[in-house]
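Beneath this line is the structure, given in structure tokens, with notes to follow.
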There are 2 protein chains.
Amino acid sequence: MPARKIQRTEGRTRLNRDRVLETAISLADEGGIEKLSMRRLGEELGVEAMSLYNHVSNKEDLLNGMIDALYGEIELPSHDDDWKTAVRKRSVSVRAVLLRHPWANGLMDSATQAGPGTLRHHDRVLGTFRNGGFSLAMTAHAFSALDSYVYGYAKQEKALPFDSGEEAAAMANVMLAQLPPSEYPYLHELMSKHVLQPGYSYADEFTFGLDLVLDGLERARDSEG
Amino acid sequence: MPARKIQRTEGRTRLNRDRVLETAISLADEGGIEKLSMRRLGEELGVEAMSLYNHVSNKEDLLNGMIDALYGEIELPSHDDDWKTAVRKRSVSVRAVLLRHPWANGLMDSATQAGPGTLRHHDRVLGTFRNGGFSLAMTAHAFSALDSYVYGYAKQEKALPFDSGEEAAAMANVMLAQLPPSEYPYLHELMSKHVLQPGYSYADEFTFGLDLVLDGLERARDSEG
DNA sequence: ACCTGAACACCGTTCAAGT
DNA sequence: ACCTGAACACCGTTCAAGT
């Protein structure tokens, strides 16, 4: 009988899919998605890149898995709240998750295979509308309109440098300086007289649009049939 | 005096930035953004990849230039229409452009430098709100809410296989078959009793949400101050 | 069953050299 | 002024070989 093999991973847990996904998410959070390579991920896990293929079938599968894991971070709409409150809370949570993982939004388009976390999440959102008195057709409308807004907002928020904070303000000031007022009068006005005024933060725009959509959906539901 | 040099590009026009951008857009349209490499683009233009660096400073600059060129394809809001009609038309146009160039939406987040086409476009949209009686603060709200919806919708549309058409229906049927009704009752219901019914097309959801947002903005403007 | 080393067919970008 | 060839430091993925 041979002696037990020595641990080859130097005290670290054995590699598995969850650990691969978790580490990949951390790497993307830190360095952006363009820094996430199979080789770099292997290095981080103390393993050759090729070993990863025992746990994900290829890079696309890795990315799909990462996205599905993130859906698990989103707060599911609660059965205890009315539909509007429940859907509002989960929308705020979607945005928070996308702020924590800015690389994720762009990947969702190309995520070919929806995983169980994704399906579960969508099912609960749909159920919230249905139980809130929305017809099937109106549920489809609501789901599309709401998520278009929420994911679209997260996309804009990532692109714009209008967060509050000093570097953001400095950046916006540089932008303004490069903006000829004669050519772009309305952009110039908005920037100088509103966006760059103390107290403005693009982050605050989120709830305006969210409530606009939710109120619109409620009205549409009530005036149906 | 030496004789005139022979044409080295075999009768083709000399390389310039516009031709580089144009060809890059065509390549991305045909093969997706992941097929667009400096080497492949050079090949298409009958030139070594390294020659491209005489016309774009690097790949990021190339991508920024492509995005800015696309803004030129979007129909600007007309001064002859009332604000709602004008903004509605240009929103429909944004979506059409993103359908023609599905790779573009994902790139807009990371487009670091807004070019003149982009700025011009935004300026005109802002001007349309301002001249339509929106305050500066309400214009900021409107711009954010509307574009979040429009770009977000284009993003969803790209990801979903619910276009009308036979292959799309086949794909959706496969999805449905993999969806346990006990685990995902609401997804199952929506798919089987609505989305897969004849006549449904996800494309039609666009105008529902668009009008919801536009009506909401009008209401917000009217109830202001 | 899981991990590795070498190899293949790619990338973006630099730099010195050509015309 | 513009284009090229060679080189550098990377990619994702395969395959046969190791334990």
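So that the names make sense, note that chain A is the first sequence line, chain B the second, and so on, each numbered from 1.
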Checking side-chain polar atoms at under 3.5 Å, does Tyr200(A) have a donor or acceptor matched by the opposite partner on Glu205(A)?
yes
Whether the His55(A) and Arg19(A) side chains hold a donor-acceptor pair (N or O, under 3.5 Å, no angle test) is what I'd like checked.
no
Whether over 12 other heavy atoms sit under 6.0 Å from Gln113(A) CD:
no
Quick one about Tyr153(A) and Ser144(B) (side-chain donor to acceptor, distance below 3.5 Å, no hydrogens or angles considered), yes or no?
no
Rounded interatomic separation in angstrom, taking CD from Glu34(A) and P from dT13(C):
13 Å
Sort out the partner of dA1(C) for me: Watson-Crick or G-U wobble, both distances under 3.5 Å, none otherwise.
dT19(D)
For Leu63(B) and dG12(C), give me the distance from atom CG to atom C1', rounded to whole Å.
12 Å
Scan every strand shown for a Watson-Crick or G-U wobble partner of dT14(D), both distances under 3.5 Å, and answer none if you come up empty.
dA6(C)
Can you measure Arg40(A) atom CZ to dC11(D) atom P for me and round it to whole angstrom units?
9 Å
Roughly, in whole Å, what's the span from NE2 in His55(B) to P in dT4(D)?
11 Å
Expressed in angstrom and rounded to an integer, what is the separation of Leu41(B) atom CG from dC11(C) atom P?
11 Å
Could you tell me whether the phosphate oxygens of dT14(D), OP1 or OP2, come under 4.0 Å of any side-chain nitrogen or oxygen in Tyr53(A)?
no
Glu48(B) CD to dA7(D) P, straight-line distance once rounded to whole Å:
15 Å
What is the distance, to the nearest angstrom, from the CG atom on Leu62(A) to the C1' atom on dC11(D)?
14 Å
Phosphate-side-chain proximity, Ser51(B) and dT4(D), N/O vs OP1/OP2 below 4.0 Å:
yes
Looking only at atom P, what distance separates dA9(D) and dA9(C), rounded to whole Å?
22 Å
Does Ser37(A) reach a base, just sugar-phosphate, or nothing at all? Heavy atoms under 4.0 Å.
sugar-phosphate
Testing Glu157(B), Glu73(B), Glu75(B) for salt bridge (Lys or Arg N to Asp or Glu O under 4.0 Å) with Arg95(B), which one passes?
Glu157(B)
Measure from the side-chain heavy atoms of Met50(A) and tell me the nearest of dG12(D), dC3(D), dA6(C).
dA6(C)
Counting the atoms with a prime plus P, OP1 and OP2 as sugar-phosphate, which does Met38(A) contact under 4.0 Å by heavy atoms, base, sugar-phosphate, or nothing?
sugar-phosphate
Measure the distance from CG on Asn54(B) to P on dT14(C) and round it to the nearest whole Å.
12 Å
Nucleotide nearest Arg39(B) when distance is taken to its side chain, options dT4(C), dC3(D), dT13(C)
dT13(C)
